[in-house]
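Read through the structure below, which is laid out as structure tokens, and then see the notes.
For the numbers below, each heavy atom of this structure counts, side chains included, while hydrogens, waters and symmetry mates do not. As the structure is a prediction and not an experimental result, all values here were calculated from the model. The residues of the chain are indexed from 1 along the displayed sequence.
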Amino acid sequence: MDLNYYDTLITVADDCPVDGAVVPALRGGKQTAAVIQFDMISADPGGLTQEDVLFETWLRRQESDAPSESERAELRARFFSRSQACLRASPLPKKYGWGLRFDAAGRVTLCPKGSAEYEQIIAGEVPGVTVLKAMRSKRA
């Protein structure tokens, strides 16, 4: 099953508490999901899919030794055998003002709220790009 988005922008949630993109910080000296996802995507823009980001985020938050390649493949298969929240539920577009831009190959880059690219896409000036809102943090 393919969980990736293609030619899509996940926009910042309507109830996002910041006006522009903010780099997430450690909480209590520990990496949060937002920090892990931000670091991964910004270190390899256009190099990861949604599935890669979801799995790596989960894996890095486990308190165990780095798995071997065969263990990693087994863990990934097990991880995706049950339903997972997509990146519309990520803290990056929900709390930190980062849009998530997926290209035709399903690879993700950060797209800060207020940037020229972000504004052009949400205005409908970039044909062929689907616009989805991030999930709200609170009920409407």
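Formation of a donor-acceptor pair under 3.5 Å by the Asp15 side chain with backbone atoms of Ser137 is found in this model. A donor-acceptor pair is defined here as one N or O able to donate and one able to accept, closer than 3.5 Å; no such pair exists between the side chain of Asp7 and the backbone of Val129. Glu51 places a side-chain N or O within 3.5 Å of a backbone atom of Leu3 that can act as its donor or acceptor partner. A distance-only check finds no donor-acceptor pair linking the side chain of Glu119 to the backbone of Ala116 [under 3.5 Å]. With Gln50 contributing its side chain and Val108 its backbone, the two residues share no donor-acceptor pair below 3.5 Å. Side-chain atoms of Thr8 come within 3.5 Å of backbone N or O of Tyr6 as a donor-acceptor pair.
Annotation: side chain of Thr130 is not in contact with side chain of Leu9 (no heavy-atom distance under 4.5 Å). Looking at heavy atoms from C-beta onward, Ile10 lies in side-chain contact with Tyr5 at the 4.5 angstrom threshold. Side-chain contact check for Ile36 versus Val53: every heavy-atom pair is 4.5 Å or farther apart.
The nearest pair of heavy atoms linking Pro93 to Thr11 is CB-O, 3.8 Å. Shown here for Cys16 and Gly97, the closest heavy-atom pair between the two residues is SG-N, 3.6 Å. Residue Ala34 comes nearest to Tyr96 through the heavy atom pair CB-CE1, 3.5 Å, listed as atom of the first residue, atom of the second, then distance.
Pairs engaging residues 26-43 under the side-chain hydrogen bond (donor to acceptor under 3.5 Å, both in side chains) rule: Gln37-Ser90 [sequence neighbours left out]. Applying the salt bridge (Lys or Arg N to Asp or Glu O under 4.0 Å) test to residues at least two apart or on different chains, the pairs with a partner in residues 87-103 are Arg101-Glu117. Contacts classified as ring-ring contact (aromatic ring centres under 6.0 Å, His included) and involving residues 111-137 (residues at least two apart or in different chains) are not found. Every pair passing ring-ring contact (aromatic ring centres under 6.0 Å, His included) that includes a residue from residues 14-53 is listed here, sequence neighbours excluded: Phe38-Trp98.
Hydrophobic clustering keeps Leu100 apart from Val131 (ILVMFWY residues linked when any side-chain heavy atoms are closer than 4.5 Å, directly or through intermediates). If you chain together hydrophobic residues whose side chains sit under 4.5 Å apart, Leu54 and Leu110 fall into the same group. A chain of hydrophobic side-chain contacts below 4.5 Å, direct or via other Ile, Leu, Val, Met, Phe, Trp or Tyr residues, connects Met40 to Leu59. Under the 4.5 Å side-chain heavy-atom criterion for Ile, Leu, Val, Met, Phe, Trp and Tyr, Leu132 and Ile41 are members of the same hydrophobic cluster.
Every residue meeting the side chain to side chain contact (heavy atoms under 4.5 Å, CB included) condition with Ala89, not counting sequence neighbours, appears here in chain and number order: Ala85, Met135. With sequence neighbours excluded, the residues forming a ring pair (Phe, Tyr, Trp, His ring centres under 6.0 Å) with Phe79 are Phe55, Trp58, listed by chain and number.
Taking OG of Ser68 as the start and CG of Leu75 as the end, the distance is 8.5 Å to the nearest 0.5 Å. Here the straight-line distance linking atom SG of Cys111 with atom CG of Leu92 works out to 12.5 Å at 0.5 Å rounding.
A salt bridge does not link Arg107 to Asp44: none of the charged side-chain nitrogens sits closer than 4.0 Å to a carboxylate oxygen.
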- Would Phe102 and Thr109 satisfy side-chain contact (heavy atoms from CB on, under 4.5 Å), going step by step from the backbone distance to the final call? CA-CA 7 Å; Phe102 297 87; Thr109 57; over 6 Å; no
